[in-house]
2 protein chains.
Amino acid sequence: MTENFKASNRRAVLDFIRTRYPISRSQLSRISGLNKATVSGFVTDFLRQGVVAETGSGVAAAGRKPVLLSFVADSAYVIGLLLNVRSVRMVITDLEGTIVWQTREPLGDEGASSTLDRIAIIIEDGVRRVGIPFSSIVALGIGVPGLVDFQAGVIVQTPNMGLSSVSLKQWLEMRFHIPVFVDNAANVSAVGEKLFGAGRHYEHFVYVSVSTGIGGGVVMNGQLQRGAFGFAGEFGHMVVEPHGLSCRCGGQGCWEMYGSLKALYRQTARHIGEDPAAYRPDILVTVVDAAARGETWAIEGLNYIGFYLGVGVASIVSAFNPHAVLIGNEIAIGAKWIMPIIETVVQTHCSLPIIKDLTLLMLEYDDNKAVVGAAGMGIDGFLDQLTHRKIRRWC
Amino acid sequence: MTENFKASNRRAVLDFIRTRYPISRSQLSRISGLNKATVSGFVTDFLRQGVVAETGSGVAAAGRKPVLLSFVADSAYVIGLLLNVRSVRMVITDLEGTIVWQTREPLGDEGASSTLDRIAIIIEDGVRRVGIPFSSIVALGIGVPGLVDFQAGVIVQTPNMGLSSVSLKQWLEMRFHIPVFVDNAANVSAVGEKLFGAGRHYEHFVYVSVSTGIGGGVVMNGQLQRGAFGFAGEFGHMVVEPHGLSCRCGGQGCWEMYGSLKALYRQTARHIGEDPAAYRPDILVTVVDAAARGETWAIEGLNYIGFYLGVGVASIVSAFNPHAVLIGNEIAIGAKWIMPIIETVVQTHCSLPIIKDLTLLMLEYDDNKAVVGAAGMGIDGFLDQLTHRKIRRWC
DNA sequence: TCTATTTGGTTGGAGTCTAAACAAATGATA
DNA sequence: TATCATTTGTTTAGACTCCAACCAAATAGA
């Protein structure tokens, strides 16, 4: 029940090095508030472990020149997986999330056991081809659409995928003997932003993923919050129109029905001669192009989801009072049109002290961000483990 | 920046004693996961400090009988204040929140400095009359309607009260030389529930206060979360009807406009011959009585706010995934009518895994809960301080 | 060359926590 | 009645975290 609060500062110092290198020991001491001796001790260990290296010396106004420390991004590698209904994406990245190998493979619906085998083969194949010794791969992060039990590493609820109620974590840890972290796609993206992206500078932020559906991840006190049962941040089913459309979840007026690309499609389909009850994943590109040509229906469609996105974000801001709300995923393609609306709606709906210092950002869209986030989940776990015991090499 | 993670386990052990006494050292060791020696060491200090006492012995299946430990609630006292527009409530309680003195005084609008003086006199007077030596009063907690900067102890935004932008904390700490904690009324109530009430058994819960307005407090990992700038839990201005009524905050369709007693009044006023644009604080009693007599308009009114309360709670549950949502304050008078509606709405709006183990509770209404919560804020601070240094008596 | 200044390492010690051994108490068993 | 197994709680040695106070090294400028 009660935990052991050892070594939390080690991780903090390593994170300072990671995010601000090149940096000297004394700078670290100053910004962390820890004693020079403490920092020196940590750094000695990091050097021995190989995650940090001394790289030249810096300048000083007077006195001895500082020895600059750098984070050694390629001292270890991790694997990121993103499972989808019909495919898997895989990346191998260094500790800074730089991709050194990537692939995307179709995934049949052949039952859990054979799917798992296939994933294992994809991983082994990737590792072999990139030419990194397996021993330097230190963790595996997996993103899954749907609800995940992070502790157990089990998929709890997901749109038609064969892997439900299998312990991905257990199976893969048995097979590869490295720690495996499974979480939903929005949470891994949030961790990605926390480590490598816009979230780096915020202690409290909320990541909102908007594409076909809406998901999210909550970071408070610099840590991903999973709530009581691991499902915190399921923003897609917040209610924005209590008397509105029915959602497949059984509820009515879910945010996902009004602010997602599904909603955009519904609002614009008839203008492009499509069935409003269907869906096309590339709807946003089509609509943005039309809006750029000045088509009213397109602009109205974008205003429509922009308005509802603003409404939901306003509620999130009131509830969490974060430093920042980061809106990511495909929606970013329409940033130019949608972002101003969201900003206006949030400004009119939240009290001044709450939004005074709030940052509202729409992130660049990058197809790879979610998989890299999955890798990030692995990196986060690895760095935690690394800073939790003094003597430990992963050779 | 970085903190010192000392002594967190001490507080955990003291909390186990506080909430489960009588309890033995070995039981504490087992439930806390800490070593027997560690627990024994802590307990020795607690005994010396006087917060814990040995009170007889328990039974064992075999072997040595355990020495039972108890929390000594009257080893110290705290003051709780609840500021309102025209009055102050004050309580003096022991460390379990049991009231030993209470009073309520009117408060004029005579400017900050004279109001502060008046509060100080009320406090001194109360302490003198209850006959507790001032030295055994160890903290002061204050609840305020509106937005508060907890760190600074300054009221940031509040409906017409003379004390805005004065540092209550600083002023009162200078005057009484005990730690002062100022927070908004909902947060203070949440802390009260965490320490003494229904929140005791939940690590993650959300407290929602519903009366004229709606406020809230978020407890995650057993700790009140204040967000980035201290305003987390401002649920009143979450948006539940994007195209709905204008709120005094400048927004539209705020939860407060649909789920609060203000909303109930608006919906029912004409049936009791009142002006729908006005407000009567006792509206709920009137409506509940009418509902009990079978008046349709009254039942409809309760259904109305019940529905919207359910909608908001559903959003909160999706966002935070707490163990429990505790709904408190005046609304509880209508629990019998409103609670079933809330439950139904939440059940239809949230996915199964999220609500499977969710507890939804409407708390008993007690006029004193908020002031006692304020005292609780003080107790929480005191216990933290008590467990942060080894040698320390507050004699 | 000397000095003031800054970086970074070393040392002693306080504090947290554990494992292991030990002492004390007690019901059951021989 | 004596012994034994069992459980409680204490003591001790030691690992780990962290800091204050030095000390040593490096360096720009007097």
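Here is the naming used below: chain letters follow the sequence lines, and residue numbers restart at 1 for every chain.
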inquiry  = Could you check whether His204(B) and Phe229(A) have their ring centres less than 6.0 Å apart?
reply    = no
ask   = What nucleotide, of dC17(C), dG9(D), dC19(D), holds the atom closest to the side chain of Leu34(B)?
value = dC17(C)
request  = Can you pull out how bent the helix from dT1(C)-dA30(D) to dA30(C)-dT1(D) is, comparing the axes over its first five and last five pairs, to 10°?
outcome  = 30°
message = Can you confirm if the aromatic rings of Phe134(B) and Phe176(B) lie within a centre distance of less than 6.0 Å?
response = yes
query = Atom CG of Leu28(A) to atom P of dC19(D): distance rounded to whole Å?
reply = 13 Å
Pair Phe320(B) + Phe320(A): ring centers closer than 6.0 Å = yes
Distance, rounded to the nearest Å, where Lys36(A) contributes NZ and dT5(C) contributes C1' = 12 Å
request  = Classify the nucleic acid contact of Val67(B) as base, sugar-phosphate or nothing, counting any heavy atom under 4.0 Å across all strands shown.
outcome  = sugar-phosphate
message = Mind checking if Ser40(B) touches a base, just sugar-phosphate, or nothing, with heavy atoms under 4.0 Å?
response = base
inquiry  = In whole Å, I'd like the distance from the CG atom of Leu68(A) to the P atom of dT7(C).
reply    = 11 Å
query = Closest to the Asn35(A) side chain: dT27(D), dA20(D), dG8(C)?
reply = dA20(D)
key: Pairs touching residues 194-206 of chain B that satisfy salt bridge (charged side-chain N to carboxylate O under 4.0 Å, His left out), sequence neighbours left out   = Lys194(B)-Asp380(B)
task = Please report, rounded to the nearest Å, how far the P atom of dC17(C) is from the CZ atom of Arg10(B).
result = 8 Å
request  = Could you tell me how the ring of Phe181(B) sits relative to the ring of Phe150(B): parallel (under 30°), tilted (30 to 60°) or perpendicular (over 60°)?
outcome  = parallel
ask   = So what does Thr38(A) hit on the nucleic acid, given a heavy-atom distance under 4.0 Å: a base, only sugar-phosphate, or nothing?
value = base
inquiry  = Side chains of Leu195(B) and Thr19(B), heavy atoms from C-beta outward: is any pair under 4.5 Å?
reply    = no
Student check: side-chain heavy atoms of Asp183(A) and Arg226(A) closer than 4.5 Å = yes
request  = Ignoring backbone atoms, establish whether Arg30(A) has a side-chain N or O less than 4.0 Å from OP1 or OP2 of dT7(C).
outcome  = yes
task = Answer yes or no: are there more than 12 heavy-atom neighbours, outside Gln151(B) itself, under 6.0 Å from its atom CD?
result = no
Nearest listed nucleotide, side chain of Ala37(A), among dG27(C), dG9(C), dT10(C) = dT10(C)
request  = Return the nearest nucleotide to the side chain of Ser24(B); candidates are dC19(D), dT18(C), dG9(D).
outcome  = dG9(D)
query = How long is the line joining CZ of Arg11(B) and C1' of dT16(C), in whole Å?
reply = 18 Å
message = Regarding dT8(D), can its base be found pairing with the side chain of Arg64(B) as donor and acceptor, where the two atoms are less than 3.5 Å apart?
response = yes
key: Atom-to-atom span, CZ of Arg48(A) to P of dG9(C) - whole angstrom   = 12 Å
inquiry  = Could you tell me how far apart Glu54(A) (CD) and dG8(C) (C1') are, to the nearest whole angstrom?
reply    = 10 Å
request  = Grab the CG-C1' distance between Asp45(A) and dA15(D) for me, whole Å please.
outcome  = 14 Å
message = Can you see if the side chain of Ser26(B) gets near the phosphate of dT7(D) - specifically, an N or O under 4.0 Å from OP1 or OP2?
response = no
message = Whether Asn9(A) contacts dC18(D) is assessed here as follows: a side-chain N or O lying under 4.0 Å from the phosphate OP1 or OP2. Is that the case?
response = yes
